[in-house]
Protein chains: 2
Amino acid sequence: MEKKKELPLCPVETTVGLISNKWKILILRELLKGTKRFGELRSGIDGISQKVLTQNLRSMEEDGIIQRHAYPEVPPRVEYSLSDLGETLKPIISSMEQWGLGYQEMINNG
Amino acid sequence: MEKKKELPLCPVETTVGLISNKWKILILRELLKGTKRFGELRSGIDGISQKVLTQNLRSMEEDGIIQRHAYPEVPPRVEYSLSDLGETLKPIISSMEQWGLGYQEMINNG
DNA sequence: TCCGTTGGTTACTAAAAGGTTCCTATATAA
DNA sequence: TTATATAGGAACCTTTTAGTAACCAACGGA
């Protein structure tokens with residue numbers, strides 16, 4: 001999903017390389033609330049398909065921003081959570097949330 | 001480029017709807033430095049093609065986050081700048097820049 | 001008269017992303 | 001005995017996005 005080449009010089013580009021994808025940002029939004037099971041993520045993110053959720057989770061795991069923990073149970077239970085690195089992305093999501101709130105307000109009663 | 005349906009309830013999703021695209025974020029990065037001509041944007045954003053730049057500029061203009069000013073000269077001169085709304089996105093780009101700096105540092109001498 | 005410059009547009013093609021459907025394993029409950 | 005629940009994987013297809021190349025208009029200068 002992400003190419004593992006050298007980092008771009010521009011820090012914005014570096015960041016964008018990791019979370020430019022819409023779904024990843026929504027996954028982050030969910031995981032910032034705490035550890036979640038696969039099914040919880042699936043139902044918490046409107047419109048995401050199982051395939052796309054899996055793909056993005058794998059990619060984010062590879063990038064070291066989330067952690068996956070599978071319990072050897074039946075039926076299977078798999079929990080996802082942010083890594084320490086993933087937690088550091090919080091300010092970005094928060095700024096998006098803040099902006100979105102202001103924008104919604106502007107649109108709705110502007 | 002963006003569908004003009006109702007806003008999502010989630011503010012993060014609202015924001016993501018406007019700037020989920022990698023190129024738009026890089027365009028914002030450029031325009032946060034100030035007004036730029038089409039050609040300057042083109043050369044300032046590594047790897048962007050003329051078509052994609054034009055498309056995204058149109059879309060962002062429709063969304064009201066940038067402004068386009070064409071001067072009736074030959075050869076043509078077209079300047080792009082952030083609208084007031086566009087300026088309010090600055091904290092998002094800044095947080096990405098901050099994060100990217102930290103990440104680069106971590107990778108390079110971690 | 002023809003060239004170069006700028007900021008596009010259009011048509012065609014390739015690649016990436018996403019959607020859908022079907023399949024699996026197995027403990028447990030009914 | 002059989003249905004159920006969970007977290008995927010595989011195959012196939014459609015849609016979206018991006019890249020490439022060609023073309024254009026208009027004026028000023030050589």
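In what follows, chains carry the letters A, B, and so on, assigned in the order in which the sequence lines appear, proteins first and then strands, with residues in each chain numbered from 1. Just so you know, these numbers use all the heavy atoms, side chains as well, and skip hydrogens, waters and symmetry mates. Everything numeric here is computed off the predicted structure, so don't read it as measured data.
Sorted by first then second residue, the side-chain hydrogen bond (donor to acceptor under 3.5 Å, both in side chains) pairs that include residues 26-38 of chain A, not counting sequence neighbours, are Arg29(A)-Glu13(B), Glu30(A)-Lys33(A). The salt bridge (charged side-chain N to carboxylate O under 4.0 Å, His left out) pairs that include a residue from residues 64-76 of chain A are Glu73(A)-Arg77(A), where partners are two or more places apart or lie in different chains. Evaluation of the ring-ring contact (aromatic ring centres under 6.0 Å, His included) test over residues 51-77 of chain B, restricted to residues two or more places apart or in two chains, returns His69(B)-Tyr71(B). Screening residues 85-104 of chain B for side-chain hydrogen bond (donor to acceptor under 3.5 Å, both in side chains), with sequence neighbours left out, gives Thr14(A)-Gln104(B), Thr88(A)-Trp99(B), Ser95(A)-Ser95(B), Trp99(A)-Thr88(B). Among residue pairs with one or both ends in residues 10-46 of chain A, none qualify as ring-ring contact (aromatic ring centres under 6.0 Å, His included); sequence neighbours excluded.
With sequence neighbours left out, the side chain to side chain contact (heavy atoms under 4.5 Å, CB included) criterion links Ser49(B) to Lys51(B), Val52(B). Partners of Arg42(A) according to the salt bridge (charged side-chain N to carboxylate O under 4.0 Å, His left out) rule, which considers only residues two or more places apart in sequence or in another chain, do not exist here.
Residues from residues 38-51 of chain B that place a heavy atom under 4.0 Å from any atom of DNA chain C, listed by number: Phe38(B), Gly39(B), Gln50(B), Lys51(B).
Across the protein-nucleic acid pair, His69(B) atom NE2 and dG8(C) atom P stand 13 Å apart, rounded to whole Å. In this structure, Lys22(B) places its NZ atom 11 Å from C1' of dA18(D), rounding to the nearest Å. We find that CD1 of Ile25(A) is positioned 14 Å from P of dA17(C), with the value rounded to whole Å. Distance, Asn21(A) CG to dA18(D) C1': 16 Å, rounded to whole Å. Put simply, CZ on Arg77(A) is 16 Å from C1' on dT26(C), counting in whole angstrom units. Atom CD of Glu73(A) and atom C1' of dA29(C) are 16 Å apart (whole Å). Between the CD atom of Gln55(A) and the P atom of dG8(D) there is a distance of 13 Å, rounded to whole Å. Between Asn56(B) atom CG and dT17(D) atom P the separation is 10 Å, expressed in whole Å.
When the nucleotides dG8(D), dG18(C), dG8(C) are ranked by their closest atom to the side chain of Arg68(B), dG8(C) comes out on top. Listed nucleotides: dT6(D), dG8(D), dT6(C). Nearest to the side chain of Arg37(A): dT6(D).
In this model, the phosphate group of dG18(C) is approached by a side-chain N or O of Trp23(A) to a distance below 4.0 Å at OP1 or OP2. Proximity of Arg58(A) to the phosphate of dG8(D): a side-chain N or O atom is located under 4.0 Å from OP1 or OP2.
Among the atoms of the strands shown, none is found under 4.0 Å from any heavy atom of Tyr71(B).
Side-chain contact between Val12(A) and Ile25(B) is present, with at least one heavy-atom pair separated by less than 4.5 Å. For the pair Asp46(B) and Leu26(B), the minimum side-chain heavy-atom distance is 4.5 Å or more.
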Shorter than 3.5 Å, N or O on both sides, protein versus nucleotides 24-30 of chain D: list them out with atom names.
none

